[in-house]
Number of protein chains: 2
Amino acid sequence: MARPGGRSARVQASVHAAVRELTSEVGRDALTVPMIAQRAGVTPSTIYRRWGDLQELMSDVAVERLRPDTAPKDLGDLVSDLTAWAEQFFDEMASPAGRAYIRDALLGDPDGSNAGQCSAYAAEQIDVILTRATERGENAPDTEAVIDHVVAPLMYRILFRPDGLDASYARRLVATAVAPSHKGPPPTA
Amino acid sequence: MARPGGRSARVQASVHAAVRELTSEVGRDALTVPMIAQRAGVTPSTIYRRWGDLQELMSDVAVERLRPDTAPKDLGDLVSDLTAWAEQFFDEMASPAGRAYIRDALLGDPDGSNAGQCSAYAAEQIDVILTRATERGENAPDTEAVIDHVVAPLMYRILFRPDGLDASYARRLVATAVAPSHKGPPPTA
DNA sequence: CGACTAGACGCAATAACTTTGCTTTAAGCT
DNA sequence: AGCTTAAAGCAAAGTTATTGCGTCTAGTCG
C-alpha cells in the first residue's frame with residue numbers, strides 16, 4: 001500500500017534535502033549513507049530499507065533535480081525556440097554537476113526507469129516546442145528526429161567525450177536538424 | 001615507475017579473470033572486492049590499493065571487454081560495411097551484458113578517460129571503414145558525422161530508452177547518415 | 001469517532017567491507 | 001650479484017551494510 005503523505009513523506013523530503021545539502025558541502029564523492037542519515041535525522045537502516053543503497057538514493061535524487069521546472073520559452077519561431085532550449089539543456093547537462101546527476105541517474109537504476117524518466121523529460125519539452133511550431137504553421141520535424149539529431153549527440157559527447165565541447169555545438173546540431181532535407185520520415189525507434 | 005611485466009601483470013590478469021568468472025557465476029551485482037580477491041588468490045588490500053574501489057575495477061575490466069578484437073569486415077562498399085558494423089555494435093552494446101559494461105565503464109571513471117577510450121574504439125573502427133571507402137573512390141562522410149548520426153543515437157537509446165529497440169534501427173540510422181544531402185560539413189565538436 | 005492493520009521507522013547486535021601501518025617480496029637496473 | 005623501490009601480503013582498526021524485533025503512525029473499517 002502506498003503512503004504518499006505523512007511520516008514517510010517527511011522522511012523522504014528530509015533525506016533528499018540532506019543529500020542536496022551535503023553534496024554542496026562535502027562533495028558528491030564523500031557522501032555516505034550514515035552521513036546522510038545523521039543529517040536527515042533518520043537512522044541508516046531506514047535509508048537502506050527504503051532505497052537499497054547509496055547509488056539508488058542518488059539516482060532518485062538525480063532524477064528529481066533533472067526534472068525541468070519551467071516550460072520552454074516561446075521566442076516566436078521553431079529554430080529560435082529549439083536553439084534556446086538546446087543551449088539551456090547543454091549548459092545544465094554539461095556542467096560538472098549535471099554530468100554527475102546524469103551518471104547517478106543512470107547508475108543506481110536496476111530497471112532503467114530513472115534513465116527513461118530523464119529522457120521523457122527532454123521529450124516532453126521538445127514536444128511542446130514542436131507542437132507550438134506546428135500550430136504556427138511551420139513545418140516541424142518529428143520529436144524522435146530531434147532526439148536522434150540533437151539530444152543524442154549532445155548526451156553522447158557529454159558522457160563519452162566531454163573535452164572541447166561548448167554551446168555552439170548545440171546550436172549547430174539544431175541548425176542541421178531543422179534546416180535540411182528530411183522530407184521523408186527520419187529514423188524512428 | 002611503471003611495472004608492465006612480472007608480478008604486477010600476473011596480479012592484474014588474475015584479478016581480471018576472477019571478475020569475468022565470478023560475473024558469469026554469481027552475476028555482476030553480487031560481486032564484492034573480498035570475493036574477487038579470494039578467487040584471484042590475492043588479498044583485498046591489493047585490489048583496494050591498485051584500483052581504489054569496486055567501481056573503478058569494474059570500469060577497468062569493462063573497457064577491456066569493450067575493445068573491438070577484429071577490424072571491421074570489408075564487404076565491398078561503404079553502406080554495407082557501415083551497416084554491418086553498426087549491427088554488430090548494436091548487438092554487443094544493447095545486450096544486458098553490453099549495457100552493464102557501458103554503465104560500468106561510465107561509472108567508475110573519475111576523469112572520464114575510460115569512457116573516452118570506449119568512444120575512441122568506435123571512432124577507430126569507423127575511421128577504418130571510411131578510409132577504405134575513400135580509397136575506393138566513394139564519397140564518404142566525416143567520422144564525426146557518423147558518430148553524431150549513428151553511434152550517438154544508438155548509445156542514447158541503449159542507455160536511456162532500451163525498450164523496443166532492434167537492429168533495424170541501426171540500419172535505418174546508417175541509411176540516413178550516409179545517403180542524403182550532407183554536402184556542407186556536418187556539425188563537429 | 002474509536003479500534004484495527006499494516007507499512008515504515010528506530011534501535012541494537014551482527015556481519016561484511018574498507019582503510020591503513022608495517023613487513024616482505026621481487027622486478028628492473030647497474 | 002647486489003641494490004632500489006614499486007607493489008603485495010598481513011593484520012588490526014575503523015566504517016559501513018544487514019537484519020531481527022519492538023514501536024509508532026497513517027489509512028481503513030466498523
Side-chain angles (χ1 to χ4, degrees), chain A residues 1-23 25-62 64 100 103-104 107-110, chain B residues 1-23 25-64 100 103-104 107-110 113:
Chain A
M1 177 192 307
R3 297 257 168 123
R7 184 165 65 156
S8 295
R10 280 198 303 278
V11 168
Q12 154 145 3
S14 169
V15 169
H16 276 222
V19 169
R20 287 193 299 272
E21 291 169 24
L22 288 169
T23 298
E25 287 174 25
V26 305
R28 189 240 169 278
D29 292 343
L31 295 187
T32 68
V33 171
M35 183 188 294
I36 294 164
Q38 184 179 359
R39 173 66 62 102
V42 175
T43 59
S45 64
T46 295
I47 294 180
Y48 288 120
R49 278 201 231 267
R50 220 166 125 155
W51 280 278
D53 61 12
L54 180 61
Q55 288 184 358
E56 286 183 51
L57 170 57
M58 295 306 287
S59 184
D60 193 41
V61 173
E64 193 175 281
R103 285 173 29 154
D104 282 335
L107 208 70
D109 193 14
Chain B
M1 182 191 303
R3 296 257 170 123
R7 183 162 69 158
S8 295
R10 280 198 302 278
V11 168
Q12 152 145 2
S14 168
V15 169
H16 277 222
V19 170
R20 287 192 299 271
E21 291 169 24
L22 289 169
T23 299
E25 288 174 25
V26 304
R28 188 232 169 286
D29 291 344
L31 295 187
T32 67
V33 171
M35 184 188 296
I36 294 164
Q38 185 180 358
R39 172 66 63 102
V42 176
T43 58
S45 63
T46 294
I47 293 180
Y48 287 118
R49 278 201 230 267
R50 227 173 119 155
W51 280 278
D53 61 12
L54 180 61
Q55 287 185 359
E56 287 184 51
L57 170 58
M58 295 306 286
S59 184
D60 194 39
V61 173
V63 172
E64 194 175 282
R103 283 174 27 156
D104 281 334
L107 208 72
D109 194 14
S113 60

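Throughout, protein chains are lettered first and strands after them, A, B, ... in sequence-line order, and every chain is numbered starting at 1.
- Residues from residues 33-46 of chain A that place a heavy atom under 4.0 Å from any atom of DNA chain D, listed by number: A:V33, A:P34, A:S45.
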Close N or O pairs between protein and nucleotides 1-3 of chain D (under 3.5 Å):
none

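- Atoms CD1 (A:I47) and C1' (C:dA8) sit 14 Å apart, rounded to a whole Å.
- For B:S113, the side-chain hydrogen bond (donor to acceptor under 3.5 Å, both in side chains) criterion is met by B:D111, not counting sequence neighbours.
- Within the structure, every pair that satisfies the salt bridge (charged side-chain N to carboxylate O under 4.0 Å, His left out) test and touches residues 25-34 of chain A, not counting sequence neighbours, is listed here: A:E25-A:R39, A:R28-A:D104.
- In this model, a side-chain donor or acceptor of B:R49 finds a partner on the base of C:dG21 within 3.5 Å.
- For the OP1/OP2 pair of D:dA7 and a distance below 4.0 Å, the side-chain nitrogens and oxygens of B:S8 include no atom meeting the criterion.
- Residues meeting the salt bridge (Lys or Arg N to Asp or Glu O under 4.0 Å) test with A:R49, sequence neighbours left out: none.
- With sequence neighbours excluded, no residue forms a side-chain contact (heavy atoms from CB on, under 4.5 Å) with A:A13.
- Applying the side-chain hydrogen bond (donor to acceptor under 3.5 Å, both in side chains) criterion to A:T23, with sequence neighbours excluded, gives no partner residue.
- In this structure a side-chain-to-backbone donor-acceptor pair under 3.5 Å is present from A:S14 to A:A40.
- Within 6.0 Å of CD in A:E21 there are more than 12 heavy atoms belonging to other residues, nucleotides or ligands.
- B:R50 has its CZ atom 8 Å from the P atom of D:dA7, to the nearest Å.
- Between the CD atom of B:Q12 and the C1' atom of D:dA8 there is a distance of 15 Å, rounded to whole Å.
- Residues satisfying the side-chain hydrogen bond (donor to acceptor under 3.5 Å, both in side chains) criterion with B:E56, sequence neighbours excluded, are absent altogether.
- Contact annotation: B:R10 side-chain N/O to C:dA26 OP1/OP2 distance is not under 4.0 Å.
- Evaluation of the side-chain hydrogen bond (donor to acceptor under 3.5 Å, both in side chains) rule for B:D60 yields B:H16, B:W51 as partners, not counting sequence neighbours.
- Nucleotide C:dA8 holds its C1' atom 11 Å from the CH2 atom of A:W51, rounded to whole Å.
- For the pair B:D29 CG and C:dC17 C1', the computed distance is 17 Å after rounding to whole Å.
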